[in-house]
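Please read the structure below before turning to the comments.
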Amino acid sequence: MNYWLMKSEPDEVSIDDALAAPKKTVPWTGVRNYQARNFMRDQMRVGDGVLFYHSSCPEPGIAGIAKVASTPYPDPTQFDRKSKYYDAKATKEEPRWMLVDVQIVKKIPLVSLAQMRERPELEDMLVLKRGNRLSITPVEPRHWKAIEKLLSRSG
DNA sequence: GCCAACGTTGGC
DNA sequence: GCCAACGTTGGC
């Protein structure tokens, strides 16, 4: 089993939006970066752990624990002319963008970016690396465990 | 709003 | 294939 961190802008899909969705599950639409797509398409497995991260907002940080809830399938927004994620070069026969469904396991007290930066054991998480802009990054098991430990400590 | 970092595009 | 210009991300 692998672990991932997935960024969502709460203005678009927040942890509360995802919790309110049927089966607490949302399709991870709108990824338009090949590296991030490839993680979903090639490496994610149903049941993988996901850190649900809020980005581009007043309080960036990890807002929930989730899991991969589907195998990859084409992102429907790439075919939707009205969507800002529409991609004229994608066809149903040859879709360009693949996604997975993500199911919330639990909402957590926000582990803010600032808090994450304070923890030496999280120092080399990819998401904290300078200049990192990838919206999906793999998370090492030791980092996952360190975050679980932080959560159990805070209750 | 600023700006560093980095991905993408397109001319050559 | 190179690389400058441009666009986007995302924290601050």
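Lettering follows sequence order; numbering is per chain, from 1.
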Determine the interplanar angle of the Trp144(A) and Tyr3(A) rings, folded into 0 to 90°, and report it as parallel if under 30°, tilted if 30 to 60°, perpendicular if over 60°. parallel
Within the distance-only criterion (no hydrogens, no angle test), does the side chain of Gln78(A) pair as donor or acceptor with the backbone N or O of Asp75(A) below 3.5 angstrom? yes
Without swapping roles, check the side chain of Glu94(A) against the backbone of Thr91(A) for a donor-acceptor pair under 3.5 Å. no
Rounded distance (nearest 0.5 Å) linking atom CD1 of Ile65(A) with atom CD of Glu148(A): 6.5 Å
Assign a letter to each nucleotide of nucleotides 5-12 of chain C from its 5' end: B, base within under 4.0 Å of a protein heavy atom; S, sugar-phosphate only; -, no contact. --BBBBSS
CA sep, side-chain torsions, deciding dist, call: Tyr53(A), Leu113(A), side chain to side chain contact (heavy atoms under 4.5 Å, CB included): CA-CA 9 Å; Tyr53(A) 182 93; Leu113(A) 181 58; 3.7 Å; yes
